[in-house]
Amino acid sequence: MLKSKTILLGVSGGIAVYKAVELLRLLTKAGATVHVVMTRSACEFVTPLTFQTLSGHPVHTELFNLYQEQEIGHISLADRADLFILAPATANLIGKIAQGLADDLLTTTVMATKAPVLIVPAMNTNMYENPLYQRNEKALREVGYHLLDPVDGELACGWTGQGKMPDPQDIIAAAEDILTSKDLTGCRILVSAGPTREEIDPVRYLTNYSSGRMGFAIAAAARRRGAKVTLVAGPVQLTPPAEVEILAVVSAQQMHDVILDCFDAADVVIKAAAVADYRPQIRQQQKVKKMADDMILELEKTPDILAELGRRKKRQILVGFAAETEKLLEHATQKLISKNLDMIVANDVSAPGAGFDVDTNIVRFLYPDGRVEDLELMSKTEVADQLLDRVRLAWQKHE
Ligand code: PMT
């Protein structure tokens, strides 16, 4: 998402400047080219050398510095940016921008840019609540600047309240959001993720290795692209993506009931969950005691949710996943046809870097007309975007 993007990072003077260093590191790690502009007071907290070393580019501090202007002038900086992030943004900086002032390099560059601007305020909580500050913030939002809310917590000045700069990861997520085209606006997508748990007794259950990462990546990417997303998740240890409706379930039966309830309202269903195929026939009320050397656990089939959706579907686009350890194409094709899907994502979960509980995946997209698309090893977020590119085309055809 941030790969090959040019980001201008404007840093103004507050204790949170140290967090801007981590933000810069994450931006460059994500493949962005970052140019840093610092105010004089920001240089009092962290030296420009730190930002220069991490960005690999000279840091810009002075409006009237002939050497810096010759290297790359402030108008050129403003022009080449895909996104301008101001982090941390002090009350003073925000006040100046809101008044249209341009009296140093940073404010002049903000004034000159046509790129979207993401402002990340950080300040004392009383300053943040001050009506004059709030008026400035409102004025900036009204003319199209993007602002992140500061978070609650203990502030460096000793106060506790709202005013802390959000975590760099959250700033990156907001930046990605701004840079993403909203090509799924109006599309309602139902995603399933994670494993299910089938209880044997009050202390034991049957499950699998699904972490939920694949489904969560799809939900987050779809939301970023403007879709209205409902995520039905089995038991996972992940932070839910922002602005996604989360419906938590435990067993295959619960996942079945919740998904069927949501089905009519969905335009697209993507089933990345690893649903148990079998559950114990009887769930024991008390802990099963160790007695004989052998024990037989009688299992019964769980409802096949996707197959049922395939039978019921009218206008919905139905995407399944196939987790296989052998005969990938053969087994995935059989599921694609028998469950009446529009597409299936086949992953060989025995391949290194693919499948359960890793950040990457290697997948093949299979279609009912026999087409197969092979994707290389990539992050689950990239797989999600590739998948949603195909889903968007199918959804637009349906519209
Ligand atoms: O969660 P991660 O750690 O990120 O791992 C990702 C993943 C490996 C779980 C994911 O990429 C994946 O392959 N998900 C599907 C796993 C699976 O259960 O595959 P399956 O071949 O058993 O099922 C085929 C399809 O039918 C799946 O879409 C499944 O959700 C669905 N199904 C299966 C059984 C059942 N009772 N009801 C279903 O709806």
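Here the structure is a predicted model, which is why all the values come from computation and not from measurement. Worth knowing before you read on, the calculation uses all heavy atoms, side chains too, and leaves out hydrogens, waters and symmetry mates. Counting starts at 1 for both ligands and their atoms, following the listed order.
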Problem set entry | side chain to side chain contact (heavy atoms under 4.5 Å, CB included) evaluation trace for Tyr205 with Val250 | CA-CA 11 Å; Tyr205 52 80; Val250 177; over 6 Å; no
Just the distances, no angles: every ligand 1 N or O to protein N or O pair closer than 3.5 Å, one line each.
from, atom 1, to, atom 2, distance (Å)
ligand 1, 1 (O), Ser210, OG, 2.6
ligand 1, 1 (O), Ser211, N, 3.2
ligand 1, 1 (O), Gly212, N, 2.8
ligand 1, 3 (O), Ser211, N, 2.7
ligand 1, 3 (O), Ser211, OG, 2.6
ligand 1, 3 (O), Asp357, N, 2.7
ligand 1, 4 (O), Arg213, N, 3.3
ligand 1, 4 (O), Met214, N, 2.8
ligand 1, 4 (O), Lys380, NZ, 2.7
ligand 1, 5 (O), Gly355, O, 3.4
ligand 1, 11 (O), Asn347, OD1, 2.6
ligand 1, 13 (O), Asn347, OD1, 3.3
ligand 1, 13 (O), Asn347, ND2, 3.0
ligand 1, 14 (N), Ala272, O, 2.9
ligand 1, 19 (O), Ala323, N, 3.4
ligand 1, 21 (O), Ala323, N, 3.3
ligand 1, 21 (O), Lys335, NZ, 2.5
ligand 1, 26 (O), Lys339, NZ, 3.0
ligand 1, 28 (O), Lys271, O, 2.7
ligand 1, 28 (O), Phe321, N, 3.0
ligand 1, 28 (O), Phe321, O, 3.2
ligand 1, 30 (O), Lys271, NZ, 3.1
ligand 1, 30 (O), Ala273, O, 2.7
ligand 1, 36 (N), Thr302, OG1, 3.4
ligand 1, 36 (N), Pro303, O, 3.0
ligand 1, 37 (N), Ile305, N, 3.1
ligand 1, 39 (O), Lys271, NZ, 2.8
ligand 1, 39 (O), Leu306, N, 2.9

Kindly list each side-chain donor-acceptor pair under 3.5 angstrom involving residues 12-26, sequence neighbours excluded, with atom names and distances?
from, atom 1, to, atom 2, distance (Å)
Ser12, OG, Pro88, O, 2.6
Ser12, OG, Thr90, N, 3.1
Lys19, NZ, Met165, O, 2.7
Glu22, OE1, Arg25, NE, 3.0
Glu22, OE2, Arg25, NH2, 3.1

Identify each donor-acceptor pair in which a side-chain atom of residues 355-363 lies under 3.5 Å from a protein atom, sequence neighbours left out, and give them as a table.
from, atom 1, to, atom 2, distance (Å)
Asp357, OD1, Arg213, NH2, 2.8
Asp359, OD1, Arg213, NH1, 2.8
Thr360, OG1, Gly353, O, 2.7
Asn361, OD1, Gly355, N, 3.0
Asn361, ND2, Asn347, OD1, 3.1

Exercise. By salt bridge (charged side-chain N to carboxylate O under 4.0 Å, His left out), which residues pair with Arg312, not counting sequence neighbours?
Worked result: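 Listed in chain order: Glu308.
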For this session: Quick one: do Asp264 and Arg315 satisfy salt bridge (Lys or Arg N to Asp or Glu O under 4.0 Å)? Show the steps, please.
Result: CA-CA 9 Å; Asp264 285 347; Arg315 51 180 187 85; over 6 Å; no
Problem set entry | Main-chain N/O of Asn126 paired to Asn124 side chain as donor or acceptor, under 3.5 Å |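 Judged by distance alone, yes, a pair lies under 3.5 Å.
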